[in-house]
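For reference, the structure discussed in these notes is given below.
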Number of protein chains: 2
Amino acid sequence: MKPYLSIQEAAASTGLSPDTLRYYERIGLIGAVPRGPGGQRRYVPDDMAWLAFLLRLRSTGMPVRQMQEFAELRRQGEATAGARREMLERHLEGVRRNIRQLEETAAVLACKVEHYRQLEASSIQPKAKGASHGKVRSDAKRALRQRPGKAAGD
Amino acid sequence: MKPYLSIQEAAASTGLSPDTLRYYERIGLIGAVPRGPGGQRRYVPDDMAWLAFLLRLRSTGMPVRQMQEFAELRRQGEATAGARREMLERHLEGVRRNIRQLEETAAVLACKVEHYRQLEASSIQPKAKGASHGKVRSDAKRALRQRPGKAAGD
DNA sequence: CCTTGACCTGGAGTGCGCTCCAGCTTTTAG
DNA sequence: CTAAAAGCTGGAGCGCACTCCAGGTCAAGG
């Protein structure tokens with residue numbers, strides 16, 4: 001039916017606020033959204049697709065500055081397709097590094113959680129006989145603390 | 001030899017700036033670093049371990065506010081170990097969601113890169129005979145553009 | 001002893017990415 | 001026709017996570 005969306009509809013469909021949509025336009029992330037006779041924005045499917053793409057860049061951590069560059073290249077037409085691809089590839093590389101780093105760190109944190117679990121198990125049942133030997137390590141560590149009242153690495 | 005680090009050494013070893021170390025102390029992320037006779041901070045291994053942990057929280061996107069809560073719990077001693085573990089688990093869950101989302105989005109972006117590649121291939125060699133048929137799609141899409149000078153989704 | 005450089009504190013300033021506001025025009029429901 | 005809702009513009013304000021600065025103290029080398 002209606003071949004365009006009002007700013008509020010566009011906001012609802014992207015999850016951005018109308019203010020943010022106007023802001024993105026002001027700073028050149030989206031160039032010149034077509035207007036109705038009274039001057040209101042009319043977001044056409046092209047605009048929505050571009051916004052969706054921008055949101056993907058944003059959600060993978062691209063700073064606004066770079067999105068502006070990308071948008072500027074896009075505005076310059078097909079001739080810049082190569083530059084845009086390269087930019088995207090560099091970004092993607094960074095995203096993948098980021099993912100790997102997150103995975104590594106998450107693994108370490110998971111380990112910490114495990115450590116907490118053991119600590120809790122041994123403090124909830126402090127009089128376990130045979131098993132306590134294996135868990136003394138964390139208590140030994142605790143005994144090494146330098147300043148009273150401060151637990152080591154937990 | 002020296003059982004502690006000066007603020008600059010601590011900065012070098014964590015990658016933070018001395019200012020940021022002091023800032024973290026002010027806002028309670030690290031509590032009361034021991035001082036030398038003249039009042040200078042002396043970062044002991046415990047502090048360094050805690051800082052390393054904080055940096056892991058930070059690099060996985062935990063806001064300072066939450067790190068403060070965590071630090072506060074830690075200050076309250078072993079009794080809060082359970083709460084800390086839960087907090088960590090919730091955080092970890094978020095991190096994992098985040099990773100999955102990044103992977104998905106990265107895949108879409110990779111797809112876009114591929115699309116660019118094809119676009120470039122067909123525009124660098126526009127007179128390819130047999131192969132051109134398969135690539136007309138992107139040109140057809142291009143022909144649909146509404147506002148002159150604006151490429152569809154590229 | 002004196003200089004130089006590291007450190008201290010409290011507070012102001014910065015960059016990013018929005019978000020809100022005032023004051024006005026346009027659209028829409030009744 | 002009117003009143004309320006939605007939109008517009010330019011500009012100010014905000015929360016976050018630092019970062020910088022002024023003005024003073026401390027420490028180590030010559």
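Keep in mind that this is a model prediction, so the values were computed, not measured. All chains are named by letter (A, B, ...) in the order of the sequence lines, taking the proteins before the strands, and each is independently numbered beginning at 1.
- Geometric assessment of B/R85 against the ring of A/Y116 yields a negative cation-pi assignment under the 6.0 Å and 45° thresholds.
- Comparing C/dT9, D/dT9, D/dT19 against the side chain of B/D19 picks out D/dT19 as the nearest.
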Start with the C-alpha distance between A/R117 and B/E89, add both sets of side-chain angles, then the distance that settles salt bridge (charged side-chain N to carboxylate O under 4.0 Å, His left out), and finish with yes or no. CA-CA 11 Å; A/R117 247 187 241 294; B/E89 279 179 324; 2.3 Å; yes
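- Phosphate contact (OP1/OP2 of C/dG17, side-chain N/O of A/Y24, threshold under 4.0 Å): absent.
- One atom, CG of A/L57, and another, C1' of C/dC16, lie 17 Å apart when rounded to the nearest Å.
- Contact between the side-chain N/O atoms of B/R58 and the OP1/OP2 oxygens of D/dC18 is found at a separation under 4.0 Å.
- Both B/R65 and B/T20 sit near DNA chain D, but only B/R65 has its closest nucleotide nearer the 5' end.
- Nucleic acid contact class of B/R41 (heavy atoms, under 4.0 Å, all strands): sugar-phosphate only.
- Protein atom CG of A/L21 is 11 Å distant from nucleotide atom P of C/dT19, rounded to whole Å.
- Between the C1' atom of C/dT27 and the CD1 atom of A/I7 lies a distance of 15 Å, rounded to the nearest Å.
- A/Y4 places its OH atom 12 Å from the P atom of D/dG7, with the value rounded to the nearest Å.
- A/Q40 has a side-chain polar atom (N or O) that falls below the 4.0 Å cut-off from OP1 or OP2 of C/dT27.
- Between the P atom of C/dG5 and the CD atom of B/E9 lies a distance of 18 Å, rounded to the nearest Å.
- The separation between B/Y43 atom OH and C/dC8 atom C1' is 12 Å, rounded to whole Å.
- Both A/P63 and B/R26 sit near DNA chain C, but only B/R26 has its closest nucleotide nearer the 5' end.
- Ion pairing of B/R84 with B/E78 is absent here, as no side-chain N (NZ or NE/NH1/NH2) approaches a carboxylate O to less than 4.0 Å.
- Between the CG atom of A/L16 and the P atom of C/dC20 there is a distance of 14 Å, given to the nearest Å.
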In sequence, state the C-alpha distance, the side-chain angles, and the governing distance for A/S6 and A/Q40, and then conclude on side-chain hydrogen bond (donor to acceptor under 3.5 Å, both in side chains). CA-CA 8 Å; A/S6 75; A/Q40 317 111 301; over 6 Å; no
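- Ranked by how close their nearest DNA chain D nucleotide is to the 5' end, A/G38 and B/Y23 are led by A/G38.
- Pairing each heavy atom of B/L29 with each of B/W50, the nearest pair is O-NE1, 2.8 Å.
- What separates CG of A/L54 from C1' of C/dC18 is a distance of 15 Å, to the nearest Å.
- Contact annotation: A/Q8 reaches the phosphate of D/dG7 (side-chain N/O to OP1 or OP2, under 4.0 Å).
- Mapping B/R35 and A/S17 onto DNA chain C by nearest heavy atom places B/R35 at the nucleotide closer to the 5' end.
- Checking the phosphate oxygens (OP1, OP2) of C/dA6, no side-chain nitrogen or oxygen of B/S6 falls inside 4.0 Å.
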